[in-house]
Amino acid sequence: MSDDAAPWLIVGLGNPGPEYAGNRHNIGFMVADLMAERIRGKFKAHKARAQVVEGRIGPPGPANRRVVLAKPMTYMNLSGGPVTALRDFYKVPTERIVAVHDELDIDYPTLRLKLGGGDNGHNGLKSMTKSLGPDYHRVRCGIGRPPGRMQVADFVLKDFSSTERKELDWFVDRAADAVECLISEGLERAQSAYNT
């Protein structure tokens, strides 16, 4: 399979289970769910310990891309295993992998897209980088820093506040748009449109 025929693997990072569904740490899952809805796909269990949806994104023609949306079903800090298994199964080059994740060092609701880089203490990225190396795309969804003395771990595992929830649908929608733009039009175009 030539690289051109290889799909893009879009990984929403989060923790499985209803008790985590609304957490800040699960914004990656929220974006993956919305993208699945857009392509009218349903997540199905995959042997790679992930849920996946296969489909196409983008306008008809050369910008139309084959994609695999994935939600690892291990906990966040073990995301690298399922992502590596999916990469091997679908024969995806690392530069066609996109991680969608929460980012503490960016204010809510701000997006930033980049290729490669460190993990910034994010356990999902740490696990992915350990398995894949750093050269995959990231769509970083800003959640801001915890208020006062709240521990980071407590903050990311809390649901979005009622004030934040007013903008959450818009934010998730915009993040999904950014992923689609990255895949159809490339990183520079997506950065200039969505990096705020």
Side-chain angles (χ1 to χ4, degrees), residues 9-55 67-90 92 97-106 108-109 111 119-132 136-147 150-176 178-179:
L9 175 59
I10 299 150
V11 183
L13 290 178
N15 284 308
E19 68 274 31
Y20 297 106
N23 289 180
R24 291 183 178 94
H25 223 17
N26 271 42
I27 194 160
F29 273 19
M30 296 172 198
V31 174
D33 286 338
L34 176 62
M35 292 186 74
E37 232 172 82
R38 287 180 177 184
I39 62 173
R40 297 186 180 84
K42 289 232 181 303
F43 278 99
K44 294 183 177 66
H46 190 280
K47 64 183 181 189
R49 292 177 305 159
Q51 289 191 341
V52 300
V53 174
E54 296 179 48
V67 293
V68 178
L69 301 171
K71 298 191 296 186
M73 288 290 113
T74 54
Y75 285 96
M76 182 71 90
N77 56 351
L78 299 171
S79 304
V83 176
T84 305
L86 290 169
R87 176 201 64 188
D88 296 346
F89 182 84
Y90 289 103
V92 180
I97 297 173
V98 182
V100 184
H101 63 91
D102 57 307
E103 177 65 69
L104 289 159
D105 284 341
I106 301 173
Y108 181 83
L111 285 175
D119 56 52
N120 217 3
H122 191 291
N123 289 331
L125 294 181
K126 204 174 279 182
S127 177
M128 279 183 63
T129 298
K130 196 173 160 192
S131 301
L132 304 166
Y136 53 90
H137 287 90
R138 298 104 193 276
V139 174
R140 305 153 76 207
C141 303
I143 59 169
R145 285 258 158 212
M150 188 190 284
Q151 293 296 308
V152 164
D154 296 335
F155 178 69
V156 299
L157 293 175
K158 274 205 176 8
D159 285 2
F160 286 96
S161 69
S162 53
T163 313
E164 287 169 332
R165 275 200 297 273
K166 289 180 184 138
E167 289 186 288
L168 186 58
D169 286 349
W170 171 84
F171 190 32
V172 169
D173 199 55
R174 189 169 160 78
V179 174

Which is it for Lys47 and Phe89 under the side chain to side chain contact (heavy atoms under 4.5 Å, CB included) test, yes or no, and what are the steps along the way?
CA-CA 10 Å; Lys47 64 183 181 189; Phe89 182 84; 3.9 Å; yes

Determine, step by step, whether Leu111 and Glu103 satisfy the side chain to side chain contact (heavy atoms under 4.5 Å, CB included) criterion, reporting the C-alpha distance in whole Å, the side-chain angles of both residues, the deciding distance to 0.1 Å, and the verdict.
CA-CA 9 Å; Leu111 285 175; Glu103 177 65 69; over 6 Å; no

Side chain to side chain contact (heavy atoms under 4.5 Å, CB included) between Val52 and Tyr90: does it pass, once the steps are laid out?
CA-CA 11 Å; Val52 300; Tyr90 289 103; 3.9 Å; yes

Test side chain to side chain contact (heavy atoms under 4.5 Å, CB included) applied to Phe29 and Phe43, step by step
CA-CA 11 Å; Phe29 273 19; Phe43 278 99; over 6 Å; no

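Contacts of His46 classified as side chain to side chain donor-acceptor pair (under 3.5 Å), with partners at least two apart in sequence or in another chain: none.
For the side chain to side chain contact (heavy atoms under 4.5 Å, CB included) with Arg140, the lone residue among Ile106, Leu104, Asp105 that qualifies is Ile106. Applying side chain to side chain contact (heavy atoms under 4.5 Å, CB included) to Ile27 and the options Val100, Leu13, Leu168, Val139 leaves one that passes, Leu168. Screening Ile97, Val98, Val179, Ile10 for a side chain to side chain contact (heavy atoms under 4.5 Å, CB included) with His137, the sole residue that qualifies is Val98.
Residue pairs that meet the salt bridge (Lys or Arg N to Asp or Glu O under 4.0 Å) test with at least one member in residues 25-35, sequence neighbours left out, are Asp33-Lys71.
Across all non-hydrogen atoms, the minimal contact from Val68 to Glu54 is CG2-CG, 4.2 Å. Shown here for Val53 and Gly41, the closest heavy-atom pair between the two residues is CG1-CA, 3.7 Å. Contact record, Ala32 with Gly12: CB-CA, 4.3 Å, taken as the closest heavy-atom pair.
Rounding to the nearest 0.5 Å gives a distance of 14.0 Å between CE of Met30 and CG of Asp173. Between the NE2 atom in His101 and the NE2 atom in His122 there is a gap of 6.0 Å [rounded to 0.5 Å]. If you take OG1 on Thr74 and CG on Asn15, they are separated by 8.5 Å, rounding to the nearest 0.5 Å. Here the NZ-OG distance, from Lys126 to Ser131, works out to 13.5 Å after rounding to the nearest 0.5 Å. How far CZ of Arg174 is from CG of Leu34: 14.0 Å, rounded to the nearest 0.5 Å. Between Met150 atom CE and Arg145 atom CZ the span is 13.0 Å, to the nearest 0.5 Å.
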Side-chain atoms of residues 155-162: list all donor-acceptor pairs with protein atoms under 3.5 Å, sequence neighbours left out, distances to 0.1 Å.
unit_1: Asp159; atom_1: OD1; unit_2: Asn23; atom_2: N; d: 3.2
unit_1: Asp159; atom_1: OD1; unit_2: Asn23; atom_2: ND2; d: 2.9
unit_1: Ser161; atom_1: OG; unit_2: Glu164; atom_2: N; d: 3.1
unit_1: Ser161; atom_1: OG; unit_2: Glu164; atom_2: OE1; d: 3.4

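Put simply, the side chain of Ser127 never gets that close to the backbone of Gly124: no donor and acceptor are under 3.5 Å apart. Within the 3.5 Å criterion, the main-chain N or O of Asn26 finds no donor-acceptor partner in the side chain of Asp102.
More than 12 heavy atoms of other residues, nucleotides or ligands shown are found within 6.0 angstrom of CD on Glu19.
Under the 4.5 Å side-chain criterion, counting only non-hydrogen atoms from C-beta, Val11 is not in contact with Leu86. With a 4.5 Å cut-off on side-chain heavy atoms, Val83 and Pro72 count as touching.
For the pair Arg138 and Asp119, the salt-bridge criterion is not met [side-chain N within less than 4.0 Å of a carboxylate O].
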